[in-house]
**Q** 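One structure follows; several queries about it will come next.
In listed order, ligands and their atoms are each counted from 1. Start at 1 with the first residue, then count along the sequence. The structure displayed is predicted, hence computed values, not measured ones.
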Amino acid sequence: MLVIGLTGGIGSGKTAVSDRFALHGAPIIDTDLIARQLVEPGQPALTEIAAAFGAECLDDSGSLRRAYLRERVFADPEGRRRLEAILHPRIRARVRERIASLTSPYCLVVIPLLAETGMDDLVDRILVVDVPETEQVRRVMARDRVDADHAHRILAAQASRDRRLALANEVLENTGDLDELGRQVDGLHRYYLQLTTQPSE
Ligand code: ATP
């Protein structure tokens, strides 16, 4: 099983890319989704978060106040490390379980913060969706209805474009339209299938 890590900055087009891979039948393992499932009420990670950050992290129904926690660790590196120490080992374990359960030639693991989290050891190759920062800001503003300052603030907290690109085995330049993105994914699908049928170097 060839494991492809898909990453890219906010609004770069990871979801659009993974949706297109899914049309080819490639299984998609989404680490954002796993992270959300891990903090559902009753999950041990949520109990640990409440113990570490206080009961104010939970709303009246016992659900995580995600926006509150995000804001709280945004400017607090130590808090962020504590949160990551709770979540990352569990995310890794779930990704490994999912990979082990699959039988397809290759799969995609979407890891938005791959450059920041050092999760590259989970994957065999890294595909980076790349767009210039001005385009990222434009797409995030349009999609999330936020202002330019807000979009820039999120970008500034992520790894730089160069740092991400330095990790890439493949780069998908998402500067064209969605049809162009689709054509590039179709080519990558063929390429990854080809890699799985060749003896490794
Ligand atoms: P996030 O990091 O926030 O999860 P993402 O990397 O998954 O974002 P998408 O949601 O796929 O990014 O794309 C961001 C926005 O830009 C979406 O509204 C999407 O439809 C749009 N978009 C993506 N690629 C293109 C493209 N090639 N042409 C036009 N719009 C695009």
**Q** Roughly how far apart are T15 OG1 and D30 CG, rounded to 0.5 Å?
**A**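 Interatomic distance, T15 OG1 to D30 CG, rounded to 0.5 Å: 7.5 Å.
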**Q** Is atom 19 (C) of ligand 1 touching the protein, meaning some protein heavy atom lies under 4.0 Å away?
**A**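 Protein heavy atom within 4.0 Å of atom 19 (C) of ligand 1: absent.
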**Q** Looking at A16, which atoms of ligand 1 are within less than 4.0 Å of one of its heavy atoms?
**A**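 Answer for ligand 1: 11 (O).
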**Q** Looking at atom 30 (N) of ligand 1, what's its closest protein heavy atom, distance included?
**A**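 Protein heavy atom at minimum distance: R139 NE, 4.0 Å.
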**Q** Kindly compute the distance separating CZ (R92) from CG (L122), expressed to the nearest 0.5 Å.
**A**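 Interatomic distance, R92 CZ to L122 CG, rounded to 0.5 Å: 5.0 Å.
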**Q** Could you tell me the separation between the CD atom of Q43 and the CG atom of L64, rounded to the nearest 0.5 Å?
**A**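 Here the interatomic distance stands at 12.0 Å.
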**Q** Tell me the salt bridge (charged side-chain N to carboxylate O under 4.0 Å, His left out) pairs involving residues 150-161, sequence neighbours left out?
**A**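 Applying salt bridge (charged side-chain N to carboxylate O under 4.0 Å, His left out) to every pair that reaches into residues 150-161, excluding sequence neighbours, yields E71-R153, D130-R161.
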**Q** Name the closest protein heavy atom to atom 2 (O) of ligand 1, giving the residue it belongs to and the distance to 0.1 Å.
**A**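 The closest one turns out to be K14 NZ, 2.7 Å.
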**Q** Report yes if G176 has an N/O atom closer than 3.5 Å to an N/O atom of ligand 1; otherwise report no.
**A**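 Among all N and O atoms of G176, at least one is under 3.5 Å from an N or O of ligand 1.
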**Q** What's the shortest distance from atom 17 (C) of ligand 1 to any protein heavy atom, and which residue and atom give it?
**A**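 Sorting protein heavy atoms by distance from atom 17 (C) of ligand 1 puts R143 CD, 3.9 Å first.
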**Q** Where is the nearest protein heavy atom to atom 13 (O) of ligand 1: which residue, which atom, and how far?
**A**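 Ranked first by proximity to atom 13 (O) of ligand 1 is G13 CA, 3.7 Å.
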**Q** Are there protein heavy-atom neighbours of atom 9 (P) of ligand 1 below 4.0 Å?
**A**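 There is a protein heavy atom less than 4.0 Å from atom 9 (P) of ligand 1.
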